[in-house]
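Excluded from the calculations below are hydrogen atoms, water molecules and symmetry mates; all remaining heavy atoms, backbone and side chain alike, are included. The first residue of the sequence shown is numbered 1, and numbering continues consecutively from there.
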Amino acid sequence: MWKPLSPKALSEIKVFYKFRYLSSPDVLNKIFDRLRLEETYGNCEDLKVLDLYPGPAQQSIIFNNRYHPKQHLLMDSRPQFTTFWKKHFKKSPFQMSTLNPYDWESYLMLIDHQNIFMPEKQTRDHINNKFLIMGNLTDKKMEGLLMQWYNCIGQKNWLQRFGRVKMLLWVPTTSAVKLLSQTYSPTRAKCSLVAETFTDSKIIALTQDEESELFDKRIIDKHDPLWIDYSSTLPSKISKSTKSPMCLLEIDPLDFQLDKDNWDYITQQLMIQKRTPLKEAVESLGPGASEFFKNEINDPDFMNRWPQSLSAEEFIYLSDIYYRWPFKPDMFMNLFNPRQDD
């Protein structure tokens with residue numbers, strides 16, 4: 001057992017880089033009680049954990065004490081934390097890497113070149129039971145990276161090339177609101193469709209503040225998250241600019257079969273016009289699209305709906321129709337070809 005970090009030890013960290021971390025061992029254990037990870041990973045003796053931006057790593061300690069994974073690698077390049085690790089994690093059960101989790105090359109280096117962390121690739125008929133990703137992206141500036149990681153699930157690349165790899169991610173509350181927005185919600189966007197189409201994403205824990213009220217009440221009632229007080233988090237100093245409302249998402253990739261390129265194209269084009277009737281919005285897919293879609297669907301009520309109101313299944317339905325359209329434009333056609341006069 002590795003002793004949880006004391007408040008005195010944690011007070012040595014002066015800079016948190018606009019991230020926020022849960023530091024209470026009791027609250028962390030309550031979260032792991034809710035997650036019931038044993039149902040996926042068994043006794044965890046073969047489990048490999050990649051822990052991204054773990055910061056002070058209190059969560060990492062509680063996790064490791066509880067599950068004793070085969071390999072647990074902390075990955076963070078920020079000097080305030082890596083210096084802290086060198087002092088407090090001597091002879092710990094952790095491997096530590098100072099590669100930057102933001103950079104794609106870091107994962108290639110870690111896995112393919114240095115062979116330090118080598119997960120097992122598994123089939124997509126189940127959640128990978130030997131590989132888990134944990135991470136913290138609570139700085140609002142990391143929203144773009146969060147959306148990239150979600151997109152990697154749809155693309156089946158990055159760390160998702162090893163199968164359906166569960167992710168436990170602390171994220172800004174506002175980002176989670178966008179990802180989990182329901183049909184007809186004004187915050188529903190393409191990222192909502194990515195989350196709904198390619199993952200089963202659940203809110204496990206959530207700081208209680210004004211931003212938590214942005215969630216659709218249906219989502220809160222369904223997920224029934226653990227509410228977290230800021231006194232259980234770091235940094236301890238809280239102001240309007242450093243409050244960083246956050247929530248923990250459990251992200252289970254789904255098994256899916258669809259033409260991702262066609263799906264990407266129609267969701268991007270239609271969600272740009274998310275409050276335009278579908279009968280008008282589909283014309284943005286290419287000249288003649290409106291007539292083709294009306295003939296294929298033959299449902300005026302459906303064609304009068306806004307893209308914002310459509311479910312993930314309905315967008316897949318539209319994607320299938322687009323795939324059958326014989327005159328659809330080449331999505332990858334260059335607007336300018338320097339050899340066009342050759």
Point to revise | Qualifying salt bridge (Lys or Arg N to Asp or Glu O under 4.0 Å) pairs, either residue in residues 169-187, two or more places apart | key: Glu143-Lys178

Review point. Does any pair with a residue in residues 61-80 pass salt bridge (Lys or Arg N to Asp or Glu O under 4.0 Å), and if so which ones, sequence neighbours excluded?
Key: Asp33-Arg66, Asp76-Arg78

Taking the side chain as every heavy atom from C-beta outward, state whether [X] and [Y] have any atom pair closer than 4.5 Å.
X	Y	result
Trp158	Gln148	no
Leu110	Leu50	yes
Ile153	Leu254	no
Trp149	Leu52	yes
Phe84	Glu12	yes
Pro54	Tyr21	no
Phe256	Lys156	yes
Ile272	Lys190	no

Taking [X] for the side chain and [Y] for the main chain, is one N or O donor matched with an acceptor at less than 3.5 Å?
X	Y	answer
Thr83	Pro79	yes
Ser185	Ser181	no
Arg164	Arg124	yes
Lys274	Pro186	yes
Gln58	Leu28	no
Gln160	Val165	yes
Thr199	Ala195	yes
Asn64	Ser60	no
Lys48	Met118	yes
Ser23	Ser232	yes

Let me check something: any side-chain donor-acceptor pairs from residues 1-11 under 3.5 Å, sequence neighbours excluded? List them with distances.
residue: Ser6; atom: OG; partner: Ala9; partner atom: N; Å: 3.1
residue: Ser11; atom: OG; partner: Lys8; partner atom: O; Å: 2.5

[X]: side chain to side chain donor-acceptor pair (under 3.5 Å) partners, not counting sequence neighbours:
X	result
Asp200	Lys202
Thr267	none
Asp26	none

Taking the ring centre of each residue, are [X] and [Y] less than 6.0 Å apart?
X	Y	result
His72	Tyr67	no
Phe131	Phe117	yes
Tyr322	Tyr265	yes
Tyr17	Phe81	yes

Is [Y] reachable from [X] through a run of I, L, V, M, F, W or Y residues, each pair having side-chain heavy atoms under 4.5 Å apart?
X	Y	answer
Met142	Met246	no
Ile228	Ile62	yes
Leu73	Tyr53	yes
Leu74	Ile61	yes

Practice item. Quick one: list whatever passes salt bridge (charged side-chain N to carboxylate O under 4.0 Å, His left out) with Asp252, sequence neighbours left out. Key: Lys166

For the [atom1] atom of [X] and the [atom2] atom of [Y], what is their distance to the nearest 0.5 Å?
X	Y	atom1	atom2	result
Ile204	Phe32	CD1	CZ	11.0 Å
Thr82	Met75	OG1	CE	13.0 Å
Trp170	Leu22	CH2	CG	5.0 Å
Lys328	Ile266	NZ	CD1	12.0 Å

Check your understanding: What pairs with Ser212 under side chain to side chain contact (heavy atoms under 4.5 Å, CB included), at least two apart in sequence or on another chain?
Key -> Leu206, Asp209, Trp227

Check your understanding: Does Glu313 have any side chain to side chain contact (heavy atoms under 4.5 Å, CB included) partners at least two apart in sequence or in another chain, and if so, which?
Key -> Glu196, Ser311

Check your understanding: Can Arg305 and Glu314 be counted as an ion pair, charged N to O under 4.0 angstrom?
Key -> yes

Run the side-chain donor-acceptor check on residues 284-294: report pairs under 3.5 Å with partners two or more places apart or on a different chain.
residue: Ser284; atom: OG; partner: Gln273; partner atom: NE2; Å: 2.9
residue: Ser284; atom: OG; partner: Ala281; partner atom: O; Å: 2.7
residue: Ser290; atom: OG; partner: Lys279; partner atom: O; Å: 3.0

Looking at every heavy atom in both [X] and [Y], which two are closest together, and how far apart are they?
X	Y	answer
Leu180	Gln182	O-NE2, 3.0 Å
Phe16	Pro235	CD1-CB, 3.6 Å
Trp85	Ser97	CZ3-O, 4.1 Å

Exercise for review: Apply the side chain to side chain contact (heavy atoms under 4.5 Å, CB included) test between Leu179 and each candidate in Ile251, Ile203, Leu249, Thr174; give the one that qualifies.
Suggested key: Leu249

Exercise for review: Inspect the surroundings of CZ in Arg324 and state if more than 12 heavy atoms from other residues, nucleotides or ligands are less than 6.0 Å away.
Suggested key: yes

Practice item. Enumerate the residue pairs fulfilling side chain to side chain donor-acceptor pair (under 3.5 Å) with a member in residues 105-117, sequence neighbours excluded, ordered by first and then second residue. Key: Asp112-Arg161

**Study point:** By ring pair (Phe, Tyr, Trp, His ring centres under 6.0 Å) - contacts of Trp263 (at least two apart)
**Key:** Phe198

Exercise for review: Begin from the C-alpha positions of Glu120 and Asn128 and carry the test side-chain hydrogen bond (donor to acceptor under 3.5 Å, both in side chains) through to its verdict.
Suggested key: CA-CA 8 Å; Glu120 178 181 298; Asn128 190 317; over 6 Å; no

**Study point:** side chain to side chain donor-acceptor pair (under 3.5 Å), paired with Arg20, selected from Asp139, Asn136, Thr233
**Key:** Thr233

